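Right, one structure below, let's go through it.
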Amino acid sequence: YSADWCYEHEECAPPHWYLHYPSCGLSSQSPINIITYNSVADSSLGPIIVEGSDATSEGELGNNGHSVEVTLKARYTLSGAGLTDAYTLAGFHAHFGNSDPALGGSEHQINGKAFPLEIHFVFYNSKYIDLTEAKKQSDGLAVIGVLFQIGSFNYALDHLLGQLSQVAYPGQKTSVRADLRKFLPARIGYYFKYNGSLTTPTCSENVTWLVAGNVQTISLSQYTQIVSSLYFSQPGAAEPLPMLDNFRPTQPLNGRTVSVYRK
Ligand code: GRE
Ligand code: ZN
């Protein structure tokens, strides 16, 4: 395969990523299985604070060949959570499973349980000029991971889901209006925090991970819309490859501490 990394073909799948991207073989990788009874309570962290314009923002929804991602024009800032610096939202994207939500799809697990969907809100350290520059820095990134289970209809996400068919293939983009507030609370009072990596190559180990403790819901039909709208492959490919199971397996903790804040 021409791709040097992928999820779907044995030859370029996660166990081989380190061959082209050596950082993927290091010892502080993400995602992880968060074992709640091993996490260390730290009340000094304080809640996660996300500030920014609360009006709906214009933005772009796109298929990058590995995930579906949204970027917004409005500026949102992450602080709190024991972070030394403020971080700026670069965008958010989704990792998910296949047509059977019981088989998982999230990257992080909680007590060995995977969820069908995980959204990553990627923030870069505001002292760097942009995401590209921040990715090269050891204190470059902070990512909020939000897990979803099948349950009640998710009104906040539905507007974006309706536009997925417009970005079925890699490279496609469409404009969207979204209010981050609706799916990322301004204050998150329950989360896990640990030092890890990008979950995609280059797998650089410069991410402060904040995984929300409260699992959100999405209806089964909404989940089905995600797993039936998108492709890894270009239009007209001899073998169309639906975008499914775009998650990396959990990685060894190797003695890292997972902190928990709950208030
Ligand atoms: C990803 O590609 O999945 C990713 C990023 C940046 C931070 C975390 C992450 O691009 O999982
Ligand atoms: Zn991600």
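The structure displayed is predicted, hence computed values, not measured ones. Counting convention: from 1, in listed order, for ligands and their atoms alike. Values below: all heavy atoms of this structure, side chains included; hydrogens, waters and symmetry mates excluded.
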Any side-chain donor paired with an acceptor under 3.5 Å for [X] and [Y]?
{"X": "Ser30", "Y": "Tyr194", "value": "yes"}
{"X": "Glu107", "Y": "Thr199", "value": "yes"}
{"X": "Gln222", "Y": "Asp158", "value": "yes"}
{"X": "Thr88", "Y": "Arg75", "value": "yes"}
{"X": "Tyr21", "Y": "Asp4", "value": "yes"}

- request: Considering only NZ, NE, NH1 and NH2 on the basic side and carboxylate oxygens on the acidic side, decide whether Lys193 and Asp42 come within less than 4.0 Å.
  value: no
- request: Could I get the full list of side chain to side chain contact (heavy atoms under 4.5 Å, CB included) partners for Pro22, not counting sequence neighbours?
  value: none
- line: The protein N, O or S atoms lying under 2.8 Å from the Zn ion (ligand 2) are His93 NE2, His95 NE2, His120 ND1
- request: Just jot down the side-chain hydrogen bond (donor to acceptor under 3.5 Å, both in side chains) partners of Thr84, sequence neighbours excluded, or say none.
  value: none
query: ligand 1: which residues have a non-hydrogen atom closer than 4.0 Å?
result: His93, His95, His120, Val122, Val143, Leu198, Thr199, Thr200, Trp209
query: Of Tyr76, Phe123, Phe183, which is the lone residue that meets ring-ring contact (aromatic ring centres under 6.0 Å, His included) with Phe92?
result: Phe183
